[in-house]
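Below you'll find the structure, written out as structure tokens, and then a few comments.
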There are 2 protein chains.
Amino acid sequence: MSTPALTPTGRVILGMIALGRQTGYDIKQFVDKSTRHFWAASYGQIYPELRRLEDAGLITGQSEPTGGRARTVYELTDAGRAALGDWLEPEPDAIFEVRDESMLKLFFSDLGTSEQRIRNIRAMREAHEQTLAQLCSLEAKSEGHLHEGPGLTLELGIGLHRGIVEWCAATERRLAEEPPDAG
Amino acid sequence: MSTPALTPTGRVILGMIALGRQTGYDIKQFVDKSTRHFWAASYGQIYPELRRLEDAGLITGQSEPTGGRARTVYELTDAGRAALGDWLEPEPDAIFEVRDESMLKLFFSDLGTSEQRIRNIRAMREAHEQTLAQLCSLEAKSEGHLHEGPGLTLELGIGLHRGIVEWCAATERRLAEEPPDAG
DNA sequence: AAATGCATGTAAGACGTTACATGATTTT
DNA sequence: AAAATCATGTAACGTCTTACATGCATTT
């Protein structure tokens, strides 16, 4: 028999606490700086989920105010470590979901003008160039840790966004060379 | 002033009807064969959303049974064409979301063994190899339409999944060469 | 006769974001 | 004195998946 399944947000929270993140606020900040590009979380999920994880006995929280400011510090229980260890095991049906509105617009772009299609690809490229720049600035700060988990996902994320940017650039050139209405 | 905003599932439905898909069932089948890898939709969303779009005056449905089997056929109204045209315009803040559980496991993989990390990357590669194979078989069927919308998104999807597969393969080799515990 | 495909739909629950609300501490 | 940061939380709403239920038509 195995430990009960973690909810989606529970997974990232448990992992973050295992990495030493202590408060809901702390977890949120760190998620935004590290896993956001492949696994996001909002306060509206995090705080209720911390309660549920505590009720389930996977974490324990202690009130540790800073001056007059309320603050709850969490750590893993043995059950929490076990649940995290179970979840960490590879599985063939792990979640992989993409929702890309620019690609959807591109998919339907035969319904618009060819000029609109090119502008859509350009907007797409610019958005991914921004994300790429953010990821690259993170990489610069984490020199020498590229064989560790966070370094590996960062490297993969950079590769993916760079791939999209390059495909967009190449496609922009290709479409510009083509006759606008070759039926 | 502009047309009212489309819901997420409304976007793909309106576009699919514009492409000639007539029934909810038809839309679902086609989504699964074309946009699924970057924009999915389920029956539980599609049928209620068809009602809402009709109530909003963006599509009209007619009952056209096949023998004794109920069947409702939809088409766009002028308002629907206008709403679709508006949405088709590029926007810098278009939705782009990824949720990749294998990457999350990889991110936290310092908490497990290095052998587990490699198995995780292998599982990840195998999953994406499957998706890649499916996309490639679609590409084989759509020869000569690669400058049209669906061809472009298919090409991009293939590139992305191929990129992931290659990164996994390269990283598997790299990690196999490394000492298992170089602190 | 059975299996597959066509076709529609709902109900329950899980999941998620956004906006709002509050207030202390620290930095500028 | 103001702005930014630390810190917690909720309510409303939007969205989505899953599982279930039904039944005809076509193919094997």
Side-chain angles (χ1 to χ4, degrees), chain A residues 4-13 16-17 21-33 35-36 38-56 59 61-74 93-99 101 104, chain B residues 4-13 16-17 21-33 35-36 38-56 59 61-74 93-99 101 104:
Chain A
L6 294 172
T7 62
T9 300
R11 297 165 203 184
V12 70
I13 289 181
M16 286 298 175
I17 294 176
R21 303 294 133 184
Q22 300 190 308
T23 68
Y25 183 85
D26 191 14
I27 290 170
K28 168 64 171 162
Q29 302 310 305
F30 198 68
V31 163
D32 283 348
K33 281 180 186 169
T35 70
R36 195 180 188 278
F38 58 89
W39 197 280
S42 69
Y43 285 126
Q45 283 290 117
I46 291 170
Y47 284 110
E49 184 63 25
L50 283 168
R51 291 274 171 83
R52 274 179 237 124
L53 288 171
E54 192 172 22
D55 290 347
I59 61 178
Q62 270 181 259
S63 179
E64 287 191 10
T66 309
R69 188 200 291 158
R71 186 160 167 272
T72 308
V73 166
Y74 292 94
D93 55 346
I95 292 173
F96 179 81
E97 290 166 2
V98 177
R99 197 158 249 230
E101 193 176 3
L104 194 61
Chain B
L6 294 170
T7 62
T9 300
R11 295 164 205 186
V12 70
I13 290 181
M16 287 298 177
I17 294 176
R21 301 295 132 184
Q22 299 191 309
T23 69
Y25 183 84
D26 191 12
I27 289 169
K28 168 65 171 163
Q29 302 310 305
F30 197 68
V31 162
D32 283 347
K33 282 181 186 168
T35 70
R36 195 179 188 280
F38 59 88
W39 196 281
S42 70
Y43 285 126
Q45 282 291 114
I46 290 172
Y47 284 111
E49 183 64 24
L50 283 168
R51 290 274 171 82
R52 273 178 239 126
L53 289 171
E54 193 172 19
D55 290 347
I59 62 178
Q62 267 181 260
S63 178
E64 286 191 11
T66 309
R69 189 200 289 157
R71 186 161 166 272
T72 307
V73 167
Y74 292 93
D93 55 346
I95 293 172
F96 180 80
E97 290 166 2
V98 177
R99 197 159 250 232
E101 194 175 4
L104 193 63

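A note on names: the letters A, B, ... follow the listed sequences, proteins ahead of strands, and every chain is numbered from 1.
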Could you state the CD-P distance from B/E64 to C/dC6, rounded to the nearest angstrom? 18 Å
Interatomic distance, B/E97 CD vs D/dG14 C1' [rounded to whole Å]: 13 Å
Of the listed nucleotides (D/dC16, C/dC15, D/dT8), which one gets closest to any side-chain atom of B/P8? D/dC16
Once you round it to whole Å, what is the distance between P of C/dC15 and CD1 of A/I46? 15 Å
If you assign each of A/L6 and A/R69 to its closest nucleotide in DNA chain C, which residue comes earlier from the 5' end? A/L6
Audit row: B/R71, B/Y25, side chain to side chain contact (heavy atoms under 4.5 Å, CB included) steps and yes/no: CA-CA 9 Å; B/R71 186 161 166 272; B/Y25 183 84; over 6 Å; no
Examine C/dC15: is either OP1 or OP2 under 4.0 Å from a nitrogen or oxygen in the side chain of A/Q45? Give yes or no. no
D/dG9 C1' sits how many Å from A/D26 CG, rounded? 17 Å
Atom OH of B/Y47 and atom P of D/dA21 are separated, to the nearest Å, by 18 Å
Classify B/S42 by what it touches in the nucleic acid, base, sugar-phosphate, or nothing, heavy-atom distance under 4.0 Å. base
Choosing from D/dA7, D/dT10, C/dT8, which nucleotide comes nearest the side chain of A/T66? D/dA7
Go through it in stages, so that I can follow the logic: the residues are B/V12 and B/Q45, the test is side chain to side chain contact (heavy atoms under 4.5 Å, CB included), and I'd like the CA-CA distance, side-chain angles, deciding distance and then a yes or no. CA-CA 11 Å; B/V12 70; B/Q45 282 291 114; over 6 Å; no
Using the rule side-chain contact (heavy atoms from CB on, under 4.5 Å), only one of B/T9, B/T23, B/I17 pairs with B/L50; which is it? B/I17
Taking for A/T7 and for A/G44 the nucleotide of DNA chain C with the nearest heavy atom, the one nearer the 5' end belongs to A/T7
What I want to find out is whether A/D55 reaches A/R51 closely enough, with some N-O distance under 4.0 Å, to be called a salt bridge. no
Starting from P on C/dG9, measure out to CD1 on B/I13 and report it in whole angstrom. 12 Å
Return the nearest nucleotide to the side chain of B/R51; candidates are C/dG9, C/dC15, D/dT8. C/dG9
Atom CG of B/L50 and atom C1' of D/dC16: how far apart are they, to the nearest Å? 16 Å
Measure the distance from CZ on B/R21 to P on C/dC6 and round it to the nearest whole Å. 12 Å
Contact nearer the 5' end of DNA chain D, comparing A/Y43 with B/A40: A/Y43
Closest to the side chain of A/Y25, out of D/dC6, C/dT10, C/dA7, is D/dC6
Quick check for you: to the nearest 0.5 Å, what is the distance between A/R99 atom CZ and B/F96 atom CZ? 13.0 Å
